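Remarks on the structure that follows.
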Amino acid sequence: MHLIDCYAYTNRWQTRHPAEKAAFAGGLLALSLILPLAGSLVVLAVVSAVTLGGARVPPRVYLRTLAIPLVFIAVGSLSLLLSVSFGAQGVHVGLATDQMARATRLLGRAVAAASCLCFLGLTTPALDWLPLLRRLRVPSVIVDIMFVVYRLLFVFIERLAAMHTAHEARLGYASVRSTFRSSGLIGANLLVFALKRARGMEMGMAARGFGPEIPVLPLECKPSRAVMAAVVLVWLVVAVIGLAVQRWFDG
Amino acid sequence: MHIMEGFLPVAHAAGWWAASLPFLVAGTKSLKRIVMEKPSARLLLGAAGAFVFVLSALKLPSVTGSCSHPTGTGLGAILFGPSVMSVLGCIVLLFQALLLAHGGLTTLGANTFSMAVVGPWVAYGVYRAMRGAGASLGKAVFLAAAAGDLLTYVTTAGQLAWAFPDPQGGFVGALAKFLSIFALTQLPLALAEGFLTVLIMNALKAHSADELRALDILPAGGIEQ
């Protein structure tokens, strides 16, 4: 399991206020859905430039992260070119070349949107979202549970990897039958481990007098006004350029 | 099957959010009640969420050579109850989007609906019905997990077909297209997931009856001893 979280802690904008990054990526994400194809491409260009040049995420990491959704997006877009219909002569399967524009539009939109998601994942540590969610009035139960999920995720992944290695060393994945057996045992052991871990943390927190809410320190910095203004400006510029290019292209 | 970021048009993305919202609100309400009664349940619920996230890294014998892994919705629904599972599933999907670039934020509503609402409720319904009809634990768990997995994929295919109807065949043509793309890989995968879930439940029952009892504090069913 390849988590991209580690890059969120090592990029240049790690300490920037999450609201700034959320506004930037969220706004462009919305624009990539609303604007025509040219607009999506402008979004892709801007987000890529900012991720690589601004946040200084290594290009290899950025491309590899973007490649994960890209495979699914490509297959999905290609499937639009395939036409299936039921007529008098039964099932008719054919190529729909007239759907080229629709498929390209979908491809552009999805890649642009995926780049916004990658920007968020690569620049902002997941824990930074939680105070923001609390500010947005997401019920505190949900935020608390998210906090615990995130904390335990890495422990469980490590545990899983260890059990996986142990099974592999004993030829646990040598046949179909043994693969099922190994995965079944690992799944069951993992749940037991998870529950024990939860009980341990439960006792620890009870001993320290934690109440119905897990308190966390509020964000120390505030979103900078200048940055927020710049973000809004970027939205406007992207929208205007996108629409202008599309108009020029349509002739 | 996760629908990737940006794949759905705005109206569909918003519509699926609206469809999932009642389930999330209901799930949050029952979570609130559990935590009010027992604050420490948060940790158990958090551990359950992390468990479901990590479950998708388990290996299944792959049929087509593609990476195949269980969705875990059936097991989660049987262990933790479907309404809690809706919220946990949504949280897991959000983390999968942010930590693995798998899925998306605008498509989170649609993915929540197929994987955290339809999957768990179908699995739980099948499990209950089978147990009520006197089926053995193994049979009930197998059918519940397989049906939950399969219906999740059918829902995803339906979501895609609705968003991208076929120019000639319309919704039905598109649905047939997406279903046949999935069917090759998903039918064996659903059976494999059902089988794996039975193995997990058997191992749990044999070795960890005490731990399972801890799940009793979770609402709406939970595990039957």
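The sequence lines fix the lettering, A, B, ..., with proteins before strands; numbering per chain opens at 1. In this text, all values refer to a predicted model and were calculated from it rather than measured experimentally.
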- Query: When only pairs under 4.5 Å are counted, which of A:A30, A:S32, A:G76 shares the most heavy-atom pairs with chain B?
  - Reply: A:G76
- Query: Non-hydrogen atoms of chain B under 4.5 Å away: do they reach the side chain of A:R181, the backbone, both or neither?
  - Reply: backbone
- Task: Sort B:A176 into side chain, backbone, both or neither according to what part of it lies under 4.5 angstrom from a heavy atom of chain A.
- Result: side chain
- Counting only N and O atoms by type, is there a donor-acceptor contact under 3.5 Å from the side chain of B:R42 to the main-chain atoms of A:I145? no
- Looking at OG of A:S183 and CD1 of B:I200, how far apart are the two atoms once the value is rounded to the nearest 0.5 Å? 8.0 Å
- Task: Measure across B:F7 and A:R109 and return the closest heavy-atom pair with its distance rounded to 0.1 Å.
- Result: O-NH2, 2.8 Å
- So what's closer than 4.5 Å to chain A heavy atoms on B:L31: side chain, backbone, both or neither? both
- Closest non-hydrogen atoms of A:P139 and B:T28, given as atom of the first, atom of the second and distance, are CG-CG2, 3.8 Å
- Task: Among the options B:A47, B:G103, B:G169, B:G104, pick out the one with the most heavy-atom pairs lying under 4.5 Å from chain A.
- Result: B:A47
- Message: Can you confirm whether A:R134 is buried at CZ, in the sense that more than 12 heavy atoms of other residues, nucleotides or ligands lie under 6.0 Å from that atom?
- Response: yes
- Roughly how far apart are B:F51 CZ and A:F156 CZ, rounded to 0.5 Å? 9.0 Å
- Message: Let's test your reading of the structure: which of B:A203, B:G49, B:A101 forms the most heavy-atom pairs below 4.5 Å with chain A?
- Response: B:A101
- Note on the structure: Rounding to 0.5 Å, atoms CZ (B:F53) and CG (A:L153) come to a distance of 4.5 Å
- Note on the structure: side-chain contact (heavy atoms from CB on, under 4.5 Å) filter on A:V75, not counting sequence neighbours, yields none
- Is chain A contacted by the side chain of B:V87, its backbone, both, or neither, given a heavy-atom distance below 4.5 Å? side chain
- Query: Where on B:L88 is there a heavy atom nearer than 4.5 Å to chain A: the side chain, the backbone, both, or neither?
  - Reply: side chain
- Looking at A:L120, A:L29, A:I186, which one has more heavy-atom pairs under 4.5 Å with chain B than the rest? A:L29
- Query: Taking atom CG of A:L117 and atom CG of B:L98, what is their separation to the nearest 0.5 Å?
  - Reply: 6.5 Å
- Engaged part of B:L94 at the chain A interface, taking heavy atoms whose separation is under 4.5 Å: side chain
- Heavy-atom pairs under 4.5 Å with chain B are the metric here; pick the option from A:L107, A:L66, A:L80 that has the most. A:L80
- Message: Show the nearest heavy-atom pair for residues B:K32 and A:V141, with the distance to one decimal.
- Response: CG-CG2, 3.2 Å
- Note on the structure: Okay, A:M205 and chain B: the region with an atom under 4.5 Å from a heavy atom over there is side chain
- Message: Any heavy-atom pair between the side chains of A:I68 and B:L100 that's under 4.5 Å?
- Response: no
- Item | Sidechain-backbone polar pair: B:K177 side chain, A:S79 backbone, donor-acceptor under 3.5 Å | yes
- Item | Approximate separation, where rounding is to 0.5 Å, of A:I73 CD1 and B:M4 CE | 7.0 Å
- Which atoms of A:V149 approach chain B - backbone, side chain, both or neither, heavy atom under 4.5 Å: both
- Message: Quick check on A:Y150 against chain B: is it the side chain, the backbone, both or neither that has a heavy atom closer than 4.5 Å?
- Response: both
- Distance col, row A:D144:CG vs B:L45:CG, nearest 0.5 angstrom, shows 11.0 Å
- Verify the ring-centre separation between A:F180 and B:F195: is it less than 6.0 angstrom? yes
- Note on the structure: From the list A:P69, A:S40, A:A114, the residue making the most non-hydrogen contacts under 4.5 Å with chain B is A:P69
- Residue set satisfying side-chain contact (heavy atoms from CB on, under 4.5 Å) with B:V141, at least two apart, ordered chain then number -> B:I78, B:Y127, B:L137, B:T197, B:V198, B:M201
- Proximal component of A:A126, with respect to chain B [non-hydrogen, under 4.5 Å]: side chain
- Message: Taking side chain as everything from C-beta outward and backbone as N, CA, C, O, which of these in B:F95 sits under 4.5 Å from a heavy atom of chain A? Side chain, backbone, both or neither.
- Response: side chain
- Query: In terms of heavy-atom pairs under 4.5 Å with chain A, which of B:A174, B:G72, B:A97 leads?
  - Reply: B:A97
- May I have the step-by-step check of side-chain contact (heavy atoms from CB on, under 4.5 Å) for B:T106 and A:L33, ending in yes or no? CA-CA 9 Å; B:T106 58; A:L33 288 192; 3.8 Å; yes
- Determine whether the aromatic ring centres of B:H102 and A:F72 lie less than 6.0 Å apart. yes
